[in-house]
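In what follows, every chain begins at residue 1, and chains take the letters A, B, ... in the order their sequences are listed. Reckoned from all heavy atoms, side chains included, excluding hydrogens, waters and symmetry mates.
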Amino acid sequence: MSDLKQLLKELSEADGLGGILDALEVAEQHLKKYASVRREGNNLVGEMKGKSDYTVMLDAHIDQIGMVVTAIKKGFLRVANVGGIDRRMLAAMRVNIHGKRTVTGAFCSTPTHLGNVDKAKNIEDMYIDTGLGEKASEVISVGDRVTFRQSFSDLSGTCVTGKSLDNRAGCAALIRCAKTLSGKELPCNVVFLLSDAEEINGSGAKTRAFSVDPDEAVAVDVSFGNAPDIEPEKTGVLGDGAMLGVSPLLAKNVTDALKSAAVKSGAKFQYEVMGGKTATNADHIALTRQGVPTGLLSIPLRNMHTPVEVVDLADVESVATILSTYILSK
Amino acid sequence: MEQLKALCELHGVSGREEAVRSYIIEKIKDKAEVKVDALGSIIAKVKGKKRAVKKVMADAHMDEVGFIVTYITSGGMLKFTAVGSISESVMLARRVVFSNGTVGVISTKPVHMLSADEKSKFPEEEALYIDIGAKSFEEASAKVGLGDCAVFDEPYEQLGDLVISKALDDRVGCWGLVDIINSDPEYDFYAVFSVMEEIGHGARTATFAVDPDYAVVLESTTAADIAGVPDDKKVCYVGKGAAALFMDRGTLYNKDLFDKVLETAKEKNIPCQVKSYVSGGNNAAGIHQTGDGVKTITLSVPCRYIHSASCVASVSDVKAVRDLAKAMIMKMASGEIE
């Protein structure tokens with residue numbers, strides 16, 4: 001578990017948003033120990049050859065939510081969100097501004113003497129303080145990416161917290177799976193896809209699923225973890241294992257194979273039943289070319305799209321175990 | 001500024017100032033006669049080169065705002081209330097840490113699940129909780145008890161002349177006062193490092209014990225010199241020197257002394273500005289009303305986003321407050337101010 005924690009820490013603390021490839025770099029360093037890797041655009045593709053021509057693609061998106069600079073005004077920045085951001089948490093939050101060099105900034109917080117702060121401002125009405133004054137324009141340009149500045153930390157038991165665990169937890173599960181499979185004789189080809197731009201439009205998964213042209217696929221992402229203020233039926237319980245996606249959109253044979261793998265390996269799992277789209281890359285991959293039978297495994301995660309996302313490493317391990325068992329059982 | 005960094009990173013929620021107190025005592029014990037009063041404030045009798053004509057007390061508070069655990073749910077989540085004034089707008093999705101190292105996060109419902117109305121409305125503090133990753137009451141209780149306090153878990157960072165930290169309020173004052181004590185001062189004076197400013201103690205007990213003629217408060221104050229704020233509401237500016245106060249919501253300062261502050265800044269060439277908006281309050285409110293009354297001034301470091309995980313101040317202002325405070329303490333002690 002300590003290996004997994006170190007891997008997830010490295011992935012979490014690196015940034016990956018719209019051409020910033022630090023997280024991709026970290027993933028590449030790990031995945032290349034087990035698979036033959038190449039970059040396709042801002043995506044990482046790792047391949048392991050098997051005995052047959054049949055190809056299974058495992059996907060986890062490696063991009064993260066963030067912001068982009070839209071205007072610079074005397075050292076203060078206006079930004080637009082990239083992906084869904086809870087504007088209620090932004091005041092006084094620290095960020096990394098990816099300019100000519102990386103600059104620490106903080107969202108301006110409205111002082112109480114200025115009156116009613118009961119309502120959270122729209123993100124486009126907020127400012128980021130760069131502390132650089134008039135010199136900001138020398139370092140920062142419109143279009144520069146902005147990410148949450150947050151380190152990774154242990155919590156109680158096997159829980160951890162950090163930024164971008166959506167979906168670096170999924171990336172970590174894929175890398176763990178690759179490690180388990182490495183050196184083994186594989187029944188089929190396995191392609192590991194760490195895909196870009198899920199938080200925007202899924203273009204990474206759409207275009208790479210097209211180029212890889214797999215026979216079947218499994219998407220790995222995060223989903224809502226249990227919390228006191230959310231109805232239990234909308235969540236998975238942290239520590240209760242991988243959430244096995246069940247939806248009309250997902251291929252029943254793949255879902256069944258994942259379930260059998262969970263049972264066979266003894267890995268904990270729980271169901272996540274959806275009525276249609278899954279709001280993950282599975283939606284895109286399934287509709288590629290003439291259609292790809294696709295399954296979905298999710299890791300329960302609290303505080304999604306904040307710098308303090310929480311996952312249980314045991315659930316990441318469950319996903320990795322189910323994936324490797326599923327591949328070896330093909 | 002290693003000492004400022006060290007001071008800022010210590011935990012010192014109001015009433016739990018032990019770590020800050022020990023650190024400061026260690027740094028001043030060779031230069032002053034130190035005692036700790038019944039409530040925990042440090043009263044240091046500082047030996048100068050000359051005996052003071054008037055008794056002067058300088059004050060900086062050791063405590064910071066934070067969170068106190070009020071209840072642990074059966075599922076292992078911690079309910080809390082703020083110690084001192086912390087807006088819900090700077091609580092959500094912040095990491096916090098207890099003095100035993102236990103880390104938690106102030107949790108929020110994911111943005112995907114918020115109704116249109118919820119998206120712009122800050123939740124009430126009582127709807128919030130700290131998640132330490134515990135899955136049961138028992139697991140949480142093994143790490144945290146009721147009454148335990150947490151602070152914002154954000155690192156101190158220096159960016160050019162600016163520093164960013166959870167506890168600039170008022171470790172900048174503590175830093176300045178420690179530095180003055182160690183600077184071989186001309187006259188004897190009393191330095192008080194007080195407890196529980198954030199919950200309104202106002203250094204009353206320490207002031208009663210010292211019974212000074214004059215007091216100088218080293219503080220931090222809101223700077224609203226940010227984009228989108230009209231100039232008349234900016235209060236003061238980061239990087240433009242020590243902010244001198246003529247009035248806040250706790251004190252209407254002695255006019256002659258206030259004038260003396262501006263005059264002294266000019267004379268000594270110390271960057272100084274006037275706080276240009278009446279808001280906030282500090283220990284001066286308690287100090288000036290103690291005993292038979294104490295003539296008091298406040299010098300503040302302008303600080304953006306005060307009472308958050310990311311207070312921002314300028315090192316040059318921190319030094320200006322120290323320098324101007326020292327100059328005023330010495331003038332007062334020398335008897336040259338009537």
**Q** So which heavy atom on B:Y129 is nearest to which on A:A227, and how close?
**A**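 Of all heavy-atom pairs spanning B:Y129 and A:A227, the closest is OH-CB, 3.4 Å.
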
**Q** Can you list the residues of residues 81-88 of chain A that sit under 4.5 Å from chain B, counting heavy atoms only?
**A**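 Against chain B, the residues of residues 81-88 of chain A that fall inside the cut-off (heavy atoms, under 4.5 Å) are A:G84, A:I85, A:D86, A:R87, A:R88.
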
**Q** Just by modelled atom types, is the A:M93 backbone N or O under 3.5 Å from a matching donor or acceptor in the B:S310 side chain?
**A**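 No.
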
**Q** Of the backbone (N, CA, C, O) and the side chain (C-beta and beyond), which part of B:P155 lies under 4.5 Å from a heavy atom of chain A, both, or neither?
**A**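 It is both, since atoms from each part get that close.
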
**Q** Could you grab the distance from atom CZ of B:R304 to atom CG of A:D129, nearest 0.5 Å is fine?
**A**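 Interatomic distance, B:R304 CZ to A:D129 CG, rounded to 0.5 Å: 4.5 Å.
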
**Q** Among B:D131, B:L162, B:V312, which residue forms the greatest number of heavy-atom pairs with chain A at distances under 4.5 Å?
**A**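 With the most close heavy-atom pairs to chain A, the winner is B:D131.
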
**Q** Decide side chain to side chain contact (heavy atoms under 4.5 Å, CB included) for B:R94 and A:V308; before the verdict, give the C-alpha distance in whole Å, the side-chain angles of both, and the deciding distance to 0.1 Å.
**A** CA-CA 7 Å; B:R94 261 346 90 86; A:V308 294; over 6 Å; no

**Q** What part of A:Q150 lies closer than 4.5 angstrom to a heavy atom of chain B: side chain, backbone, both or neither?
**A**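 For A:Q150, the side chain is the part near chain B, not the backbone.
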
**Q** For the NZ atom on B:K240, are there more than 12 heavy atoms of other groups (residues, nucleotides or ligands in this structure) within a distance under 6.0 Å?
**A**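 No, NZ of B:K240 has 12 or fewer neighbouring heavy atoms, counting only those of other groups under 6.0 Å.
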
**Q** CD of B:Q158 to OG1 of A:T104: how many Å apart, nearest 0.5 Å?
**A**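 Spacing of CD (B:Q158) from OG1 (A:T104) equals 12.0 Å.
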
**Q** Evaluate whether atom NZ of B:K79 has more than 12 neighbouring non-hydrogen atoms of other residues, nucleotides or ligands under 6.0 angstrom away.
**A**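 Enclosed: over 12 neighbouring heavy atoms sit under 6.0 Å from NZ of B:K79.
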
**Q** Which atoms form the tightest heavy-atom contact between A:M89 and B:L92, and what is the distance?
**A**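 Closest pair (atom of A:M89, atom of B:L92, distance): CB-O, 3.6 Å.
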
**Q** Please check: side-chain N/O of A:N303 versus main-chain N/O of B:S107, any donor-acceptor pairing under 3.5 Å?
**A**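 Not a single qualifying donor-acceptor pair exists.
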
**Q** Name the option with the most non-hydrogen atom pairs under 4.5 Å to chain A; the candidates are B:S308, B:S314, B:A134, B:G239.
**A**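 Looking at each of B:S308, B:S314, B:A134, B:G239 in turn, B:A134 comes out on top.
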
**Q** Work out which heavy atom in B:I226 is nearest to a heavy atom in A:P111; give both atom names and the distance.
**A**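 Heavy atoms of B:I226 and A:P111 come nearest at CD1-CD, 4.4 Å.
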
**Q** Identify which part of B:V238 has an atom lying under 4.5 Å from any heavy atom of chain A, answering side chain, backbone, both or neither.
**A**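 B:V238 has no heavy atom closer than 4.5 Å to chain A.
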
**Q** I'd like to know if B:E157 and A:R149 make a salt bridge, using a cut-off of under 4.0 Å between side-chain N and carboxylate O.
**A**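 Here B:E157 pairs with A:R149 in a salt bridge, since their nearest N and O are under 4.0 Å apart.
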
**Q** Please determine, among A:T158, A:T306, A:V310, A:I230, the option with the most heavy-atom pairs under 4.5 Å with chain B.
**A**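 The answer is A:I230.
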
**Q** Looking at B:D153, B:I106, B:V90, B:I132, which makes the most heavy-atom pairs under 4.5 Å with chain A?
**A**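 So the answer, after comparing B:D153, B:I106, B:V90, B:I132, is B:I132.
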
**Q** Could you look at A:K121 and say if it's the side chain, the backbone, both or neither that has a heavy atom under 4.5 Å from chain B?
**A**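 For A:K121, neither part sits under 4.5 Å from chain B.
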
**Q** For chain A, which of B:T102, B:T222, B:I164, B:I306 has the most heavy-atom pairs under 4.5 Å?
**A**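 Most heavy-atom pairs within the cutoff with chain A belong to B:I164.
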
**Q** Among A:A106, A:G131, A:P307, A:C108, who wins on heavy-atom pairs under 4.5 Å with chain B?
**A**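 Top count of heavy-atom pairs under 4.5 Å with chain B: A:C108.
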
**Q** With a sphere of 6.0 Å drawn around CD of B:E124, does it hold more than 12 non-hydrogen atoms of other residues, nucleotides or ligands?
**A**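 No, because the 6.0 Å sphere around CD of B:E124 holds 12 heavy atoms or fewer from other groups.
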
**Q** Does any heavy atom of chain A fall under 4.5 Å from the side chain of B:V235, the backbone, both, or neither of them?
**A**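 Contact with chain A involves the side chain of B:V235 alone.
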
**Q** Which pair of non-hydrogen atoms, one from A:A92 and one from B:Y305, has the smallest distance, and what is that distance?
**A**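 Residues A:A92 and B:Y305, closest heavy atoms: CB-CB, 4.4 Å.
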
**Q** Please classify the contact between B:K143 and chain A as side chain, backbone, both or neither, with a heavy-atom cut-off of under 4.5 Å.
**A**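 Answer is side chain: those atoms of B:K143 sit under 4.5 Å from chain A.
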
**Q** I'd like to know if the side chain of B:R95 reaches the main chain of A:S151, judged simply by a donor and an acceptor atom lying under 3.5 Å from each other, with no hydrogens or angles considered.
**A**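 Present.
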
**Q** Rounded at 0.5 Å granularity, tell me how far CG in B:L159 sits from OG1 in A:T130.
**A**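 If I round to the nearest 0.5 Å, the distance is 10.0 Å.
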
**Q** Hey, which of A:S156, A:G157, A:C159 has the most heavy atom pairs under 4.5 Å with chain B?
**A**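 So the answer, after comparing A:S156, A:G157, A:C159, is A:S156.
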
**Q** Could you tell me which of B:G104, B:G133, B:A227 has the largest number of non-hydrogen atom pairs under 4.5 Å with chain A?
**A**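 Highest number of pairs under 4.5 Å: B:A227.
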
**Q** Check each atom of A:D125 against the heavy atoms of chain B and say whether the ones under 4.5 Å are side chain, backbone, both or neither.
**A**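 Neither part.
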
**Q** Which one wins on heavy-atom pair count under 4.5 Å against chain A: B:E118, B:K135, B:H112, B:M77?
**A**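 Of the candidates given, the most pairs with chain A belong to B:H112.
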
